[in-house]
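Heads up: the structure comes next, in structure tokens.
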Number of protein chains: 2
Amino acid sequence: MTRPAKRTTIADVARAAGVSPATVSFVLNDTPGQSIPEETRSRVLEAVRRLDYRPRGSARSLAAGRSDVVLLSIPHLSIGPGITRFVEQFAASLADAGLTLVTHLAGAPGRPLPDVCAAVDASVVAGLDPFDEDTARGLRRAGADVVFTTDVEARPTLRGMGRLQAEHLIALGHRRLGYAMPEHPLLRKIADERLLGVADACAQAGIDPPLALDTKLDLTAMARAARRWRRESVTAVCAYNDEVAIALLAGMRHARMTAPGDLAVMGADDIPLARLTDPPLSTVAFDLEKVGRSLAEAVVATLSGGKPRVSPASLSPHVIHRAST
Amino acid sequence: MTRPAKRTTIADVARAAGVSPATVSFVLNDTPGQSIPEETRSRVLEAVRRLDYRPRGSARSLAAGRSDVVLLSIPHLSIGPGITRFVEQFAASLADAGLTLVTHLAGAPGRPLPDVCAAVDASVVAGLDPFDEDTARGLRRAGADVVFTTDVEARPTLRGMGRLQAEHLIALGHRRLGYAMPEHPLLRKIADERLLGVADACAQAGIDPPLALDTKLDLTAMARAARRWRRESVTAVCAYNDEVAIALLAGMRHARMTAPGDLAVMGADDIPLARLTDPPLSTVAFDLEKVGRSLAEAVVATLSGGKPRVSPASLSPHVIHRAST
DNA sequence: CTGAAAGCGCTAACAT
DNA sequence: ATGTTAGCGCTTTCAG
């Protein structure tokens, strides 16, 4: 409980530079409508550097009425190499706009998102998927704008992934598809959406709807599912993601089935290991960095009064065709 | 730039409850040395609920001189199911202590950690590995304490993972080991540490030091490495992690080698897919949730003046023996 | 062009 | 037992 050494404040910098705190603030924020002579400006910046001064976020937001913190909520399950690239690009783009990104792993424990939002005084909260109405209201009341990668209207675009998987398989001549659902209940909502995309594509091609089966990351369970699909004359299955797809491939091997002969398999997300299966896994993927960039734009737009919106085009997924289909 | 609707403040709550702001603050913070009658207390809490009031972090930290925000820096590479469990448990334990966790993906782009720290006004910054001296100084100057899962003294414990891999293989009769280094340079430091553990175990067993080879997540590169090890009469290899191990298994298959006959393989981290390889992958793993809990304790201890320290015992890894070794 | 001064929302002495 | 008051570090009018 020892009161720690006083940190350097704007007053220290002002003193060191021989100007007033206000001037320091002007320089640091490039406050428009001020004309600081180059001389003074550099004197201030020099002092800032020398003292390694960093304005306190809390004081800044309190005074300015808005913070430059953006909070990203990530469902604690969809974490993989892809999301990392997305977050990095998102953070970088935000940084270009002078905003700071921090991340929160949504999930059962810990504190509710609105509390976190209030704690860091975020001015924008972003998520991959829309929050439930309660949460959204809480966030707004906590003073934050809310932005998503996929807003409600862009929803159909989210199905694009499933649709693309299916279209690829249908183009290859498959007339009866399966869908491998993920194990975890929290993934269900996304999975349902992707499955809908597959169903759309099937309907459009005039073939039976996909046979969706629950799966587990387990050899025998996967083998059973594979056999079941074969029994039902399914010739190709879309997996929720690459991990499920790899597990299915393993299950098939266990059931002495081979891909793509007995069953063609298609993954999603293009994780590194997808390239290493036997046969290598075909998959669909987003350009995650593009998504990150575009979400950052949406954030900036929101902050300057525009409406939160991500252009659906930015989500366009693409197929990576390998030997497993 | 429309000034948004004024958010509810402690004054609103005070008014609604018919008390002074100070009283509300006392109730909300369980300020010690105050005796608020149950009556008043519940009246305040009721008002808080009705107004869905959430104190602003920035105002709180500014006034109190310390925030309840903890910032966790994650190297943007070590993201996987394991780290997720760790973060969740860490967040939950911190929440129990009234602290809020947010996370920052360290990496090239975005802003430097000390800036993020200042922006959210974190009172503690935690990391998996020690930061470089510059960063650490910046953080301290930004007013944060710094805590790690593995502090310098606990360092030897970090080697435990490598050591355990090696000991397991040596117990199985292997006399010449290999080590599969990860591809990404940022993983290098951790890998070196783990490799040191393997080397220790070898030295202790009186056998040759491990033959470390750089690897890539690529079939032919892995096949080449596998052949090289065989040529050098290595009979078992410790992989940096399960992903590398799985890739090695794939490379061996490609080179028509089988595990564990031609080469025994041992992974690390126990990712779900490790169970599904052929043969299933033996691996070593931490109890990540225990680590999360114990790091939270270290944070709390630091905050109450103790010194940042994680008990090495909490990092004790264990072997998961499967068919690949 | 620069400084003085008034808060932002909250906490923590200090009064009552 | 509760209210009053003085800031926390910064931004931002408004004067000079």
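Numbers restart at 1 for each chain; the letters A, B, ... are given by sequence-line order, proteins then strands. Since this is a predicted model, take the numbers as computed values, not measurements.
- Among Arg54(B), Arg56(B), Arg60(B), the one residue that satisfies the salt bridge (Lys or Arg N to Asp or Glu O under 4.0 Å) test with Asp121(A) is Arg56(B).
- With salt bridges taken as basic N to acidic carboxylate O contacts below 4.0 Å, none links Arg293(B) and Glu289(B).
- Taking atom CG of residue Asp12(B) and atom P of nucleotide dG9(C), one finds them 9 Å apart after rounding to whole Å.
- To the nearest 0.5 Å, atoms CG (Asp287(A)) and CZ (Arg85(A)) are separated by 7.5 Å.
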* Can you give one letter per nucleotide of nucleotides 3-12 of chain D, 5' to 3': B if a protein heavy atom sits under 4.0 Å from the base, S if only from the sugar-phosphate, - if neither? -> BB--BBBBSB
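- With hydrogens and angles left out, the side-chain atoms of Gln89(A) and Ser93(A) include a donor and acceptor closer than 3.5 Å.
- Counted by atom type alone, Arg141(A) and Thr8(B) present zero donor-acceptor pairs between their side chains at under 3.5 Å.
- Salt bridge annotation for Arg15(A)-Asp12(A): present, with a cationic side-chain nitrogen under 4.0 angstrom from a carboxylate oxygen.
- Distance Arg41(B) CZ to dT2(D) C1': 14 Å, rounded to the nearest Å.
- With rounding to the nearest 0.5 angstrom, the OG1 atom of Thr40(A) is 10.5 Å from the CG atom of Leu45(A).
- The OG1 atom of Thr100(A) lies 7.0 Å from the CG atom of Asp115(B); values are rounded to the nearest 0.5 Å.
- At its two ends the helix from dC1(C)-dG16(D) to dT16(C)-dA1(D) runs along axes set 40° apart, each axis drawn from five pairs and the angle rounded to 10°.
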